[in-house]
Every structure is written in C-alpha cells, then in structure tokens.
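Since the structure comes first, as structure tokens, the remarks are kept for the end.
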Amino acid sequence: MDSNGSLRSPIILLSSTGEGHDEIDMEFLGNVSGEPYILHTNIYVNGSADKEQQFYLWFDPTTDFHNYSILWNPQQIAIFVDGLPVRVFANNENIGVPYPNEQAMRVFSSIWNGDQWATEGGRVKIDWSYSPFVASYMNFNTDVCEWNGNGSTSQCWATNWWNQNSLNYAQQGQLQWVRSNYLIYDYCQDYARFNYQLPAECSQQPK
C-alpha cells in the first residue's frame, strides 16, 4: 500500500473494548515512496499503551503476500513474520508488570489515518491523490480459545499447541537476528522518554 504519507494498515489487531481495553497491534505505518516500510507493534494493557517496537522488514511487503501472526497465551505474546519471531512480550506479573489476560479480545483489521504522528513524527501527511487505498489478505486463519464468560477459558490453560512457555532455541536465535538487523525503535532503549527509569519488564526482555 503506497500512501505517500501516513495511512496505517493493521495486519492484525487484537483488541477488547472500552476505555481500559487490552490490545495487541501489528501494523504497517504509511511511508514515503521509496522508503522502507515500518512494521509497528504495540501492546496495551488496561488502556495503557507505551510498549512500542518498530522494525524494518527484510523484504518489500507490497510485492507478495507474507505470513504475519500473533501467539498470545498466558506466558507470552510472540509476534512472527514468515515464521520468524520479531518480538516477544513475556508475562512478568511476578514483578508487577500488567499482562493482558483478563479480557477477551477480537480480531480487527482496517486502514486508518495516522498522519498526526505515524510517518516521520507526523511531518509527512497523506497524499489523497493515491486513494483509494487497499489492503488485501489471503489465507486468514485463527486458532483460538473462545471466551463465553467468566471461567470459560479454563480450557486455554490445557495442553494446547499454543501453550508454549517460551521460544525454542532456534527461535531465540532468529529473534536475535531480527533485533540485531531490523529493530529501529524499542521503548526499552528509550531512556529519555522514561527519564532513565525504564519499565520493569525491560530488564527481562531480549537485548
């Protein structure tokens, strides 16, 4: 999608509803023609969203379909691109870090105007002459634990395939490769933003 500006196209967005909602984002930020596309990720817990990580991709996402997926379980949130993990947010409630495990979420996808901040800090605006803007999907699939009210998710803690505690050894190496070569923003490295007191989970995250 070439917006020549700041349209945002969520690839996958998991979200509950309401002011104190939970949300897991994986989005493309709008770009200036010829510049790399940015994959933007964020995690909201109880309406608080200050956990952004952004990546360049190692391919042009406009030339072919690719596989983008989110694994969300009681132990971790892992985000994958073509089977490679690009981000892991672990459950660190034991050290006081909120984790999204109290609200059901739905899957959303859309295109929306983010030109107040999304491209070069909001300096680049949408060029509407490029419209209409289209996002295309293929082979969409979900494998979920359905929520039907309080207590209905006890089956989620069973031995389902998604209930893995952490990445395996090979995936940990892949994650380090992605972070070393394509990570361009990590809130856990933004000391000025947090007045040199990083969130507690940052000490537990991959370097």
> For L183 and F55, which heavy atoms make the closest approach, and how far apart are they?
Replying inline: CD1-CE2, 3.5 Å
> What heavy-atom pair brings D22 and E102 nearest, and what distance separates the two atoms?
Replying inline: OD2-N, 4.4 Å
> Are any of the side-chain nitrogens in E52 or R87 under 4.0 Å away from the carboxylate oxygens of its partner?
Replying inline: no
> Given side chains that start at C-beta, do those of F65 and S136 come closer than 4.5 Å, heavy atoms only?
Replying inline: yes
>> Grouping I, L, V, M, F, W and Y whenever their side-chain heavy atoms are under 4.5 Å apart, do I24 and F140 come out in a common cluster?
In response: yes
> Do the side chains of M105 and W72 get nearer than 4.5 Å, heavy atoms only?
Replying inline: yes
> Is the shortest heavy-atom distance from the side chain of Q171 to the side chain of L84 under 4.5 Å?
Replying inline: no
> At their closest point, which heavy atom of L167 faces which heavy atom of Q172, and how far apart are they?
Replying inline: O-NE2, 3.0 Å
> What's the shortest heavy-atom distance between D50 and F194, and which atoms?
Replying inline: O-CZ, 3.9 Å
>> Under 4.5 Å between side-chain heavy atoms, counting indirect links through other Ile/Leu/Val/Met/Phe/Trp/Tyr residues: same cluster for L71 and V144 or not?
In response: no
>> Using the ring-ring contact (aromatic ring centres under 6.0 Å, His included) criterion, which residues pair with Y196? Sequence neighbours excluded.
In response: Y191
> Heavy atoms, side chains only, cut-off 4.5 Å: are V81 and L39 in contact?
Replying inline: yes
>> To check you understand the geometry: which heavy-atom pair defines the closest contact between V88 and A78, and what is its length?
In response: CG2-CB, 4.2 Å
> Would V45 and Y99 satisfy side-chain contact (heavy atoms from CB on, under 4.5 Å), going step by step from the backbone distance to the final call?
Replying inline: CA-CA 6 Å; V45 185; Y99 186 79; 5.8 Å; no
>> Main chain of D60, side chain of T63: is a donor-acceptor contact present, judged purely on distance under 3.5 Å?
In response: yes
> When you check the side-chain N and O atoms of D186 and Q53, is any donor under 3.5 Å from an acceptor?
Replying inline: yes
> Can you check whether I79 reaches S69 side chain to side chain, under 4.5 Å on heavy atoms?
Replying inline: no
> Between atom CD of Q176 and atom CG of N181, what is the distance when rounded to the nearest 0.5 Å?
Replying inline: 11.0 Å
> Can you find a side-chain donor-acceptor pair between S48 and N46 that sits under 3.5 Å?
Replying inline: no
> Is the W58 ring parallel, tilted or perpendicular to the Y182 ring (thresholds 30°, 60°)?
Replying inline: tilted
> What residues, two or more places apart in sequence or in another chain, satisfy ring-ring contact (aromatic ring centres under 6.0 Å, His included) together with F80?
Replying inline: none
> Hey, do the aromatic rings of Y137 and Y68 have their centres closer than 6.0 Å?
Replying inline: no
> So, Y185 and D190: side-chain donor and acceptor under 3.5 Å apart, yes or no?
Replying inline: yes
> F28 and I38: side-chain contact (heavy atoms from CB on, under 4.5 Å), yes or no, with the steps?
Replying inline: CA-CA 6 Å; F28 283 132; I38 294 174; over 6 Å; no
>> Over 60° means perpendicular and under 30° means parallel, so tell me whether H21 and Y44 are parallel, tilted or perpendicular.
In response: tilted
>> So which atom in S15 and which in E23 form the shortest heavy-atom distance, rounded to 0.1 Å?
In response: OG-OE1, 3.5 Å
> ring-ring contact (aromatic ring centres under 6.0 Å, His included) with F59: which residues, sequence neighbours excluded?
Replying inline: H66
>> Applying side-chain contact (heavy atoms from CB on, under 4.5 Å) to M26 and N42, what does each step give before you reach the verdict?
In response: CA-CA 7 Å; M26 178 162 44; N42 199 1; over 6 Å; no
>> With a 4.5 Å cut-off on side-chain heavy atoms, are Q76 and N91 touching?
In response: no
>> With a 4.5 Å cut-off on side-chain heavy atoms, are E201 and Y187 touching?
In response: yes
>> Between F89 and T41, is there a side-chain heavy-atom distance shorter than 4.5 Å?
In response: no
>> Would the distance check show the side chain of N168 and the main-chain N or O of A170 forming a donor-acceptor pair, the cut-off being under 3.5 Å?
In response: yes
>> I'd like to know whether I43 forms a side-chain contact (heavy atoms from CB on, under 4.5 Å) with D25, so could you lay out the CA-CA distance, the side-chain angles of the two residues, the decisive distance to 0.1 Å, and finally the verdict.
In response: CA-CA 6 Å; I43 295 167; D25 289 346; over 6 Å; no
